[in-house]
Number of protein chains: 2
Amino acid sequence: MAGSNVEAVVNIITEAVRNGRLVPGTRLVEADYTQGLGYSRSTVREAFQRLISSGLLAFERHRGVSVCKLTRKQAIDVYRVRATLEGLAARLATPAAHEKAQQFIELQERLDAAVAKSDLSLFSKLNTEFHSMIADAADNDYLLQAIKRFETSIFWLQFRVLVGQNAVFTTNDDHQEIVRAFVAGDAAAAEAAMVRHILKASDLVQDLDDDYFQSD
Amino acid sequence: MAGSNVEAVVNIITEAVRNGRLVPGTRLVEADYTQGLGYSRSTVREAFQRLISSGLLAFERHRGVSVCKLTRKQAIDVYRVRATLEGLAARLATPAAHEKAQQFIELQERLDAAVAKSDLSLFSKLNTEFHSMIADAADNDYLLQAIKRFETSIFWLQFRVLVGQNAVFTTNDDHQEIVRAFVAGDAAAAEAAMVRHILKASDLVQDLDDDYFQSD
DNA sequence: ACTGACAACTTTGTCAGACAACATTGCACG
DNA sequence: CGTGCAATGTTGTCTGACAAAGTTGTCAGT
C-alpha cells in the first residue's frame with residue numbers, strides 16, 4: 001500500500017469489478033468517487049485514465065467511463081487469446097512446477113475440498129490462485145501482466161459460468177490433467193491441457209444469456 | 001483526430017517513442033510538456049497515466065515517468081510472448097489471408113524493393129505493415145491490442161537490430177515462408193513460421209550492446 | 001581532496017475552484 | 001404524439017495553490 005492515491009483508487013475499482021460489486025456496463029460518475037472515496041477529481045480522473053488503457057473501463061467522450069462490457073464475439077476473442085497465453089505459461093512453468101509439484105497437488109486437494117463443500121466463492125478464489133501460481137512459475141513478467149489483464153476483463157463471465165452450471169467438476173478434472181503433466185515434467189502436455197481447459201470454459205461462456213453481453 | 005486533448009498528447013508521445021525521438025530511459029518532466037505542447041498539467045498528467053498502464057512509460061513515485069527501458073531478460077520475455085501472440089494471429093489469419101493472398105504478395109514485393117534500395121526506414125515501415133496486416137486479418141480485437149502493446153515496447157530494439165546487421169535478408173526470407181503458408185492455406189505452417197521468425201529476431205536482440213538495456 | 005550534513009531548488013502529488021462543451025431529461029408547444 | 005427547447009448534470013480542460021519528496025549545491029571538518 002506504499003503507492004500513491006491514484007493507485008489506491010485503481011485498486012479499489014479493480015477489486016470492485018472483480019468481486020462483482022461493479023457489474024459490466026455500469027457507468028462510473030466522477031462525483032460518486034470523489035465524494036465516496038474522499039479523493040479529489042484529479043486523482044479519480046487519473047485513476048480512470050489508467051483503467052481505460054488497461055482495458056477494464058470503456059471510455060466515451062463526454063459520457064465518461066463505464067465498466068467494459070464485452071459482446072459475445074469479444075468474449076470469445078478474449079478467451080482465444082487467453083487460452084494461448086495461459087498455454088504458454090503452462091509450458092514455460094513446467095520445469096519450475098515439476099520441482100515444486102507438491103504445492104500444486106496440495107492446491108488441487110483444496111480445490112477438491114471446496115467442490116465437496118459446494119463452496120463456490122472459495123472455489124473461485126482457489127481457481128484464480130491455481131492459474132496465477134502457474135503464471136508466476138513461468139517467470140515472465142509480461143506474460144503475467146497480459147494474463148492478468150485479460151483475466152480481469154472476463155472474471156465476471158467466468159464467475160457466471162461457475163454459478164448454475166456444474167462446470168466445477170470438469171474444471172477440476174482439467175486441473176488434474178495439468179498437474180499430472182507437471183509431475184511428469186511434460187511441458188507440451190501441460191500446454192495442451194491448459195489450452196483445452198480454457199477453450200472448454202470459452203464454450204460455456206458462449207452459451208450464457210444475452211444479458212451478460214453487450215448487444216452488438 | 002476527433003479525440004480529446006489527452007488522446008492527442010498520448011499520440012504525440014507514442015509517436016515520439018516509436019520514431020526514436022524519445023529514447024528508452026528518458027525522463028519526461030511534466031513542465032516540458034505543458035509548456036512545449038501548450039496543454040495544462042491535468043491533461044499532460046492524464047496522458048501520462050494512460051501511457052503508464054499501457055506499458056510505454058515507467059513510473060516511480062515522486063520521480064515521475066520515463067520511457068520504459070527493458071532489461072535484457074525483460075526484452076527476451078516480451079519476445080516470447082510476442083512470438084506466441086503473432087503466431088496465433090498468423091494461424092487465425094490464414095483463412096482470410098488465403099483469400100486475399102495477392103495483397104500479401106504485393107506487400108512482399110515492396111519489401112523486397114526496399115531491401116534492394118537499402119531503404120531501412122521504408123523497410124521498417126513496411127515490415128510493421130506486414131505484421132499489422134496479419135493481425136488485422138486475424139479479426140480479433142484483443143489479440144490486435146496485445147500485439148500492438150508489446151510491439152511498441154520493443155520497437156526501439158527492433159529498429160536497432162535492423163540497423164547495422166543484415167537482418168533484413170533473413171527477415172525477408174521469413175516473410176516469404178509465411179506468405180507461402182497463406183497461399184497454401186496452411187494455418188499450422190503459418191503459425192510455426194511466424195513463431196520461428198520472431199524468435200529469430202529475439203536472438204538478434206539478445207546480442208545487442210548493453211547500452212540498449214536497463215542494467216539489472 | 002573527500003565526506004557528511006544541511007540548505008536551496010526542482011519536481012511531483014494532491015487539492016480546490018472555475019467555466020465551457022456536450023449529453024440527458026423533461027416540459028411545453030404545435 | 002412527436003418535436004424542439006430549456007434546465008440540469010457530467011465531463012473536459014485550465015489555473016493556482018501548497019505539501020512532500022527528490023536533487024543539487026555549499027560548506028565545515030577531518
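Basis for what follows: all heavy atoms, side chains included, without hydrogens, waters or symmetry-related copies. Protein chains get the first letters and strands the later ones, always in sequence-line order, with residue 1 at the start of each.
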Might you list the N or O atoms of the protein lying below 3.5 Å from N or O atoms in nucleotides 16-19 of chain C, with each pair's distance?
residue	atom	partner	partner atom	Å
C:dA18	N6	A:Arg41	NH1	3.1

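- When rounded to the nearest whole Å, the span between CZ of A:Phe59 and C1' of C:dA23 equals 14 Å.
- Remark: C1' of D:dT11 and OH of A:Tyr33 are 16 Å apart, rounded to the nearest angstrom.
- Two residues, A:Val44 and A:His62, neighbour DNA chain C, and the one matched to the more 5' nucleotide by heavy-atom proximity is A:Val44.
- Between A:Asn5 and C:dT14 there is a side-chain N or O to OP1 or OP2 distance below 4.0 Å.
- In the set C:dG13, D:dT13, D:dT11, the nucleotide with an atom closest to the side chain of B:Ser4 is D:dT13.
- Looking at every heavy atom in both residues, A:Ala114 comes nearest to A:Leu126 through CB-CD1, 4.3 Å.
- Here B:Arg45 reaches the OP1 or OP2 of C:dG13: one of its side-chain N or O atoms lies under 4.0 Å away.
- Atom CD of B:Glu7 is separated from atom C1' of D:dG12 by 12 Å (rounded to the nearest Å).
- D:dC14 atom C1' lies 15 Å from atom CD of B:Gln35, rounded to whole Å.
- Taking atom CD on A:Glu60 and atom P on C:dA23, their separation rounds to 10 Å, with Å as the unit.
- Rounded to an integer number of Å, the gap from CZ of A:Phe48 to P of D:dT13 is 15 Å.
- Distances were taken from every side-chain heavy atom of A:Arg27 (C-beta onward) to each of D:dT10, D:dG22, C:dT14; the shortest belongs to D:dT10.
- Counting all heavy atoms, side chain and backbone alike, B:Asp139 lies closest to A:Asp77 at O-OD2, 3.9 Å.
- Listed pair B:Arg63 / C:dT10 fails the phosphate criterion, with no side-chain N or O lying under 4.0 Å from OP1 or OP2.
- Residue A:Thr43 has no polar side-chain atom (N or O) positioned under 4.0 Å from OP1 or OP2 of C:dG13.
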Note to self: What verdict does the side-chain hydrogen bond (donor to acceptor under 3.5 Å, both in side chains) test give for B:Thr84 and A:Thr84, after you've listed the backbone C-alpha separation in whole Å, the side-chain angles of each residue and the deciding distance to 0.1 Å?
What the structure shows: CA-CA 7 Å; B:Thr84 304; A:Thr84 304; over 6 Å; no

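- Side-chain atoms of A:Met133 and A:Phe130, non-hydrogen and from C-beta on, never get closer than 4.5 Å to each other.
- In this structure, A:Met194 and A:Arg91 have side chains that are not in contact, with every pair of non-hydrogen atoms separated by 4.5 Å or more.
- Rounded to an integer number of Å, the gap from CZ of B:Arg61 to P of C:dT10 is 22 Å.
- Applying the side chain to side chain donor-acceptor pair (under 3.5 Å) test to pairs two or more places apart or on separate chains, those with a residue in residues 14-25 of chain B are B:Arg18-B:Glu151.
- Looking at A:Val44 and A:Leu28, their side chains never come closer than 4.5 Å, going by heavy atoms from C-beta outward.
- Between B:Glu30 atom CD and D:dT15 atom P the separation is 14 Å, expressed in whole Å.
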